[in-house]
Amino acid sequence: MPLPSPHLRVGSGSKGISCWSSLHAGDLLKVTRHGAAPGPTSHRPRRPHGARAASRTPAPHWLSRPRPICPRARPLCLAVSMVPPSLWFPLAMPRPALLLPPPLRRASSTAGPGRRLLLSTPIFYANGPPHIGHLYSALLADALHRHRGLRGAGPGRLSTGTDEHGLKIQQAAAAAGTSPPELCARISALFHQAFTQAAISFTDFIRTSEPRHCQAVCHFWAALQERGALYKGSYEGWYCTAEEGFLPESQLTERVDAQGNIHKVSMESGHEVHWTKEENYMFKLSAFQDPLQKWLRNNPRAISPEPFYQRVLCWLVEDLPDLSISRERSRLQWGIPVPSDSTQTIYVWVDALVNYLSVLGYPETHGEWWPAVHHVVGKDILKFHAVYWPALLMAAGLSPPERIFVHSHWTVRGQKMSKSLGNVIDPFACNERYTVDGFRYFLLRQGVPERDCDYYDEKVVKVLNSELADALGGLLNRSTAPGINPSNTYPCFSETCFPKVVDYRETEALGRAAAEDYELVVSVASLPLQVASYFEDFQIYKALECIALCVRQTNGFFQRHRPWKLDRKDPTEKMWLDTIIHVTLECLRVYGTLLQPVIPHIADKLLSRLAVEPEERKISSLTFLPRYNGKPCPFEGRQLGPDTGILFHRLEKSSQHQIENKKL
């Protein structure tokens, strides 16, 4: 009697038609992408479905479900080959019924003042010191966190930390002649020091070796087990130790070493993989394909920028095999043991992902914050955060995070950072060379989340000298110089010299302001909302581009009217001179306020020079040029703060082409 195969793998044809097939007992059907060679080299772990229907039973709903449209998804062709049962997962032990995921719960409160939010960086692997890629992740999250605080959006937290378990750390410690705890303590301290020096305003620094985290992981595992999301079965595939994960054949290529030996390596990273077979605990990831698709369809802003959202949709069109989430303890001792099974260690990525719950006090107090959480992650760990993590959360009875912000990588002179190339950039040396705020500005100004960005010393020097030293610093220096502003005050604005007009493009000049001056006022007045919009869309570089453009416009305004040429003794000239300075200082006040999330020390220096008090620096209460609109200006006539010196010193070109990473 024909029986349906418990290991049937099904894909869509070019017209999206699903298929359902059956075999005689003992036979197995393998359905692969067209052109894949049979045998162990092309075999990937398959998800066991355990179907019990008769051979002519209609396809179950999960085989005929509608797929989201994905422009880059290739149609699958069906190729059938007979595969010995030994190459497939066994039927394994009976698995408990999987509880359906709960309805997705929205954040604990709606957007607006008073709303709680956790922003998080990834936790960084403690097998080597920090580099600028790690710092970039932290800076993006920090800028978002600071900007939100200045908007008065409500209680906020920023978490970061170190991921301290796994085979890589176990091997790195052995190679260094030390123990994993000692290695992790040393590396974690370097990350903590680097982020503190870079003015990352983290509220939580989590280490996965902490007892609070280990307890949270064990509770999370128990929740998965109790809800029927786990089962034990054999797992085999290409395992990459460097990436702590199994990779499908489609993501591998072959490389010949110096001795002429052929090795399988990851296409993306170049790391070597090894064929591994283990008995592990499996997570029923395949059961969450529909819930994940629904989550993304209902939340188009869940993943930003848009190209990464589309990438995840494409992944969810393809088959989603069950996931191995433990390793044999004989292979991996440095990790959290599986509760009630001392032969297994919890997979490092499951362990690491739970950190976002650990910092919120899971399982007791996390509900006060979760799921009002925004993750900032690199594109290399997108699948872990946008597919595996939401599925694990659903399986544990929790909602996915609200948003996932994804960024690309930094290269060095067009090459990927690599220890073997000796071009890994040390953030400590960069902070010393460019100053903390200078390097913060460069990374956030030049970093574009959608694409990889390039670092080299000459580029940093050019950007910082042009935009911070000359444009911003020069403008502050000129507008507060004793020769221009001998009273060292915030001078008065003259509505006669700079009258308000409905449309400057259709009105003849009534005062002394030119059309370009009105363009400046319009640009700066709209800047706070523009900047807020770009921060909300995870485009901080565009926000800084807008600010830099306005700074250039203000320099043009100041240069165009040549206040140093005006005679202060002439009452009419003095009125116009004071108006020029007033407008310039108002522009600088807006720039200083908006730049606080990016260059906090320089912004503080600028605002202190303008005598802007700490309580007057909130973005939420920021107004620009109120006198132009006939309203009083609280700064008018106020004595400026003490001279704080040069805002940002010009940098000299370095003879070095790069800053070498400190050795461990």
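Each residue takes its place number in the sequence, starting with 1.
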For Ser418, enumerate each residue passing the side-chain contact (heavy atoms from CB on, under 4.5 Å) test, keeping only those at least two apart in sequence or located in another chain.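 Partners of Ser418 by the side-chain contact (heavy atoms from CB on, under 4.5 Å) criterion, ordered by chain and then number, come out as Ser420, Leu421, Asn423.
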
In the structure I gave you, are the side-chain heavy atoms of [X] and [Y] within less than 4.5 Å of one another anywhere?
| X | Y | result |
| --- | --- | --- |
| Ile346 | Ile325 | no |
| Leu296 | Tyr309 | yes |
| Val265 | Val273 | no |
| Pro180 | Ile169 | yes |

Can [X] and [Y] be counted as having a side-chain donor-acceptor contact under 3.5 angstrom?
| X | Y | value |
| --- | --- | --- |
| Ser324 | Asn280 | yes |
| Gln197 | Gln193 | no |
| Thr208 | Glu164 | no |
| Arg327 | Tyr281 | no |
| His213 | Asn355 | no |

Using the ring-ring contact (aromatic ring centres under 6.0 Å, His included) criterion, which residues pair with [X]? Sequence neighbours excluded.
| X | result |
| --- | --- |
| His134 | Phe124, His131, Phe191 |
| His374 | Phe405 |
| Tyr136 | His407, Trp410 |

Can you tell me if [X] uses its side chain to pair, donor with acceptor, with the backbone of [Y] under 3.5 Å?
| X | Y | result |
| --- | --- | --- |
| Thr345 | Pro337 | no |
| Ser304 | Ala302 | no |
| Thr203 | Arg157 | no |
| Thr162 | Ala126 | no |
| Gln289 | Leu316 | yes |
| Asp142 | Ser201 | yes |
| Asn261 | Asp257 | no |

Side-chain donor/acceptor pairs under 3.5 Å, residues 384-394, sequence neighbours excluded:
residue	atom	partner	partner atom	Å
His385	ND1	Ile381	O	3.0
His385	NE2	Tyr356	OH	2.7
Trp389	NE1	His375	NE2	3.2

Is the shortest distance from a Lys or Arg side-chain nitrogen in [X] or [Y] to a carboxylate oxygen in the other one below 4.0 Å?
| X | Y | answer |
| --- | --- | --- |
| Arg329 | Asp341 | no |
| Lys416 | Asp452 | no |
| Arg311 | Glu450 | no |
| Asp290 | Lys294 | no |

[atom2] on [Y] to [atom1] on [X], rounded to 0.5 Å:
| X | Y | atom1 | atom2 | value |
| --- | --- | --- | --- | --- |
| Trp369 | Leu118 | CH2 | CG | 7.0 Å |
| Gln215 | Ser358 | CD | OG | 9.5 Å |
| Gln333 | Gln170 | CD | CD | 4.5 Å |
| Gln293 | Leu320 | CD | CG | 9.0 Å |
| Ile123 | Arg207 | CD1 | CZ | 11.5 Å |

I'd like to check the salt bridge (charged side-chain N to carboxylate O under 4.0 Å, His left out) partners of Glu328; sequence neighbours left out, ordered by chain and number.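 Counting only residues at least two positions away or on another chain, Glu328 forms a salt bridge (charged side-chain N to carboxylate O under 4.0 Å, His left out) with Arg331.
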
